[in-house]
Amino acid sequence: MPELPEVEVTRRSFAVQIEGAKVLSITMGKPLRWPLGCEPAKLVGAQVQQVRRRGKYLLIDLDQGMLMVHLGMSGSLRFAHTLPALGVHDHFDMRTDKGVLRLNDPRRFGAVIATDGESDPVARKLLQGLGMEPLDDAHFQWEVFLAGLQASRSPIKPLLLSGKLVVGVGNIYASEVLFASRIAPTAAANSISTVKAKRLYQAIRDILALAVERGGTTLRDFSNADGMPGHFQLQAKVYGRNGLPCVHCGKAIALLRQGQRSTFYCPHCQKA
DNA sequence: CGTGGCTCCTGTTAGC
DNA sequence: TGCTAACAGGAGCCAC
């Protein structure tokens, strides 16, 4: 479900409210992708300092340590003073003196991990190798992006998805940014012209930023920590539109499989 | 090393 | 209608 915009929208929807909160208790449901990594009781008494994001990871800094939250494919967070009784898909529940933070994740590809901080080996392992932050102008550098493309023979779509060059571009936005920059998803990264690469660079920034502004994408069930749905699906020009007319040329949008993932594109508008 | 395929799990949908 | 199979927004891990 969540790509960078959804994770960022989630972060913004509870970061300020949870600041300074003291952990009262933690309840775990079924196992997630990884174990919490410590006894839940160990976190009781900890105080939340701030909530940051790196790629699709939410980093909740505590006065001692750091919680890493990943929403996986189907996860969503809620933060509120009171929440309904735990449901079958609620697998992490953190009561604090400022409200309850709850992870609902039907598929359980998500995770909550307690670490000692960013230098913790577990945190390092997960965060190392992540690409540039596309919404951070100082971090997302054009020259580095171009050099990264030129250094890879991989088809561009899976390269974007890998997060090695830029983080946060998931399956929906990968199709959307390639359509916007008129690049074929199968084009080898090192075959993309500088002009097209520049369009791609800008499309990644613009489309992700717009999606954050709009509150994220709701294809099925995304909502932020206040429970509000996103509205970006209204903007999807190719994702999920195979067989429907291209908004630009009117020809049919095609569906392609790359690395077990669906890619949507316009064969007429997106060449090489 | 870079790349591609497999894997975790449950819910929804398409097709017969 | 009911059953079954395919597919879903992620990404680490392993084998080449």
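Small disclaimer: the values here were computed from a predicted structure and weren't measured. Residue numbers begin at 1 in each chain, while the letters A, B, ... track the order of the sequences. Values below: all heavy atoms of this structure, side chains included; hydrogens, waters and symmetry mates excluded.
- Once the 5.5 Å centre distance and the 30° plane angle are applied, the aromatic ring of A:F109 is found stacked with the base of C:dG10.
- Counting only N and O atoms by type, the side chains of A:Y57 and A:R53 include no donor and acceptor under 3.5 Å apart.
- Between the side chains of A:K22 and A:T96, not a single donor N or O lies within less than 3.5 Å of an accepting N or O.
- Side-chain N/O atoms of A:R261 and base N/O atoms of C:dA8 include no donor-acceptor pair closer than 3.5 Å.
- A stem is defined here as three or more consecutive Watson-Crick or G-U pairs, each with both distances under 3.5 Å; for DNA chain B these stems are B:2-8 with C:10-16, B:10-16 with C:2-8.
- Residues of residues 161-168 of chain A that place a heavy atom closer than 4.0 Å to DNA chain C do not occur.
- With distances taken from any side-chain atom of A:S154 to the nucleotides B:dG5, B:dG11, B:dT3, the minimum falls on B:dT3.
- Ranking C:dG12, C:dG10, C:dA8 by closeness to the A:E3 side chain, first place goes to C:dG10.
- Here C:dC7 is the nucleotide among C:dC7, C:dG10, B:dG5 with the atom lying nearest to any side-chain atom of A:R257.
- Interface remark: the A:R108 side chain does not form any donor-acceptor pair with the B:dC9 base, using a distance-only criterion of under 3.5 Å.
- When distances run from any side-chain atom of A:P106 to the nucleotides C:dG12, C:dG9, B:dG11, the shortest one goes to B:dG11.
- Nearest-nucleotide positions on DNA chain B place A:G259 closer to the 5' end than the other of A:G259 and A:K30.
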